[in-house]
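Heads up, the thing below is written out as C-alpha cells.
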Amino acid sequence: MEPGKDQKIWQVVLAIPPGKVASYGQVAEMAGLGRQARYIGRALGKLPQGHSVPWYRVIRSNGQIAFPEGSEIYQEQVSLLQAEGVEVVSGRVAMSRFRWQ
C-alpha cells in the first residue's frame with residue numbers, strides 16, 4: 001500500500017455526499033489513479049479503526065454491491081446505504097438515480 005495514494009482515495013470517498021454512490025472506477029479516476037479500480041477496494045479495506053470514511057458509498061459500476069450477498073459486510077453496506085435513502089434492490093443500486101456526478 002502507498003499511504004499517499006490511499007489518502008487521495010479516502011479524500012475522494014469523503015467527498016461523496018450522503019444519498020449518493022460512486023463506482024470504484026470513478027473514485028480511481030477522481031483520485032488521479034486512472035483505471036486502477038481494483039486498488040480502490042484494497043485501499044478501503046485498509047481504513048484504520050474508528051475512521052469516518054463512508055466506504056459503503058462505493059459500489060461496482062453496474063450498481064452492484066461487491067460483497068457476497070448475505071454476508072455480514074454486505075448486510076452492513078445495504079443498511080448504511082438505505083439509511084441515507086439509497087434504494088438497494090436485489091443487491092443493486094440504480095446508478096442513473098444515485099450516482100454521484
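This chain uses plain numbering: 1 for the first residue, then up along the sequence.
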As a quick check of understanding, evaluate side chain to side chain contact (heavy atoms under 4.5 Å, CB included) for I65 and L81, giving each step before the final call.
CA-CA 11 Å; I65 302 291; L81 288 171; 3.8 Å; yes
Run the side chain to side chain contact (heavy atoms under 4.5 Å, CB included) check on V13 and V58 step by step: do they pass?
CA-CA 8 Å; V13 176; V58 183; 3.8 Å; yes
How long is the gap from NE2 on H51 to CG on L44, to the nearest 0.5 Å?
8.5 Å
W55 and L80: which non-hydrogen atoms are nearest, and at how many Å?
CZ2-CD1, 4.0 Å
Atom of S23, atom of S61 and distance for their closest heavy-atom approach:
CB-CA, 3.6 Å
Would you check if F67 and Q77 make a side-chain contact, meaning some heavy-atom pair closer than 4.5 Å?
yes
How many angstroms lie between atom CD1 of I40 and atom CG of L33, to the nearest 0.5 angstrom?
5.5 Å
By the side-chain hydrogen bond (donor to acceptor under 3.5 Å, both in side chains) test, which pairs, at least two apart or in different chains, include something from residues 78-89?
Y56-E84, R57-E84, E87-R97
What heavy-atom pair brings A22 and I16 nearest, and what distance separates the two atoms?
CB-CD1, 3.7 Å
Does E69 reach the main-chain N or O of S90 with its side chain, forming a donor-acceptor pair under 3.5 Å?
no
Walk me through whether S52 and L14 qualify under side chain to side chain contact (heavy atoms under 4.5 Å, CB included).
CA-CA 8 Å; S52 60; L14 279 165; 4.2 Å; yes
Under 3.5 Å: donor-acceptor pair, side chain of W10, backbone of A43:
yes
The reported gap from CD1 in I59 to CZ in F98 (rounded to nearest 0.5 angstrom) is 10.0 Å
To the nearest 0.5 Å, atom CD of Q26 lies from atom CE of M30 at 6.0 Å
Quick one: CD on Q64 to CE on M95, what's the gap to the nearest 0.5 Å?
11.5 Å
List the steps, then state whether side chain to side chain donor-acceptor pair (under 3.5 Å) holds for K20 with Q101.
CA-CA 9 Å; K20 295 292 180 182; Q101 299 301 324; over 6 Å; no
Minimum heavy-atom distance between Y74 and G91, given as atom pair plus value
OH-CA, 3.1 Å
Walk me through whether R35 and E29 qualify under side chain to side chain contact (heavy atoms under 4.5 Å, CB included).
CA-CA 7 Å; R35 300 180 56 87; E29 193 171 309; over 6 Å; no
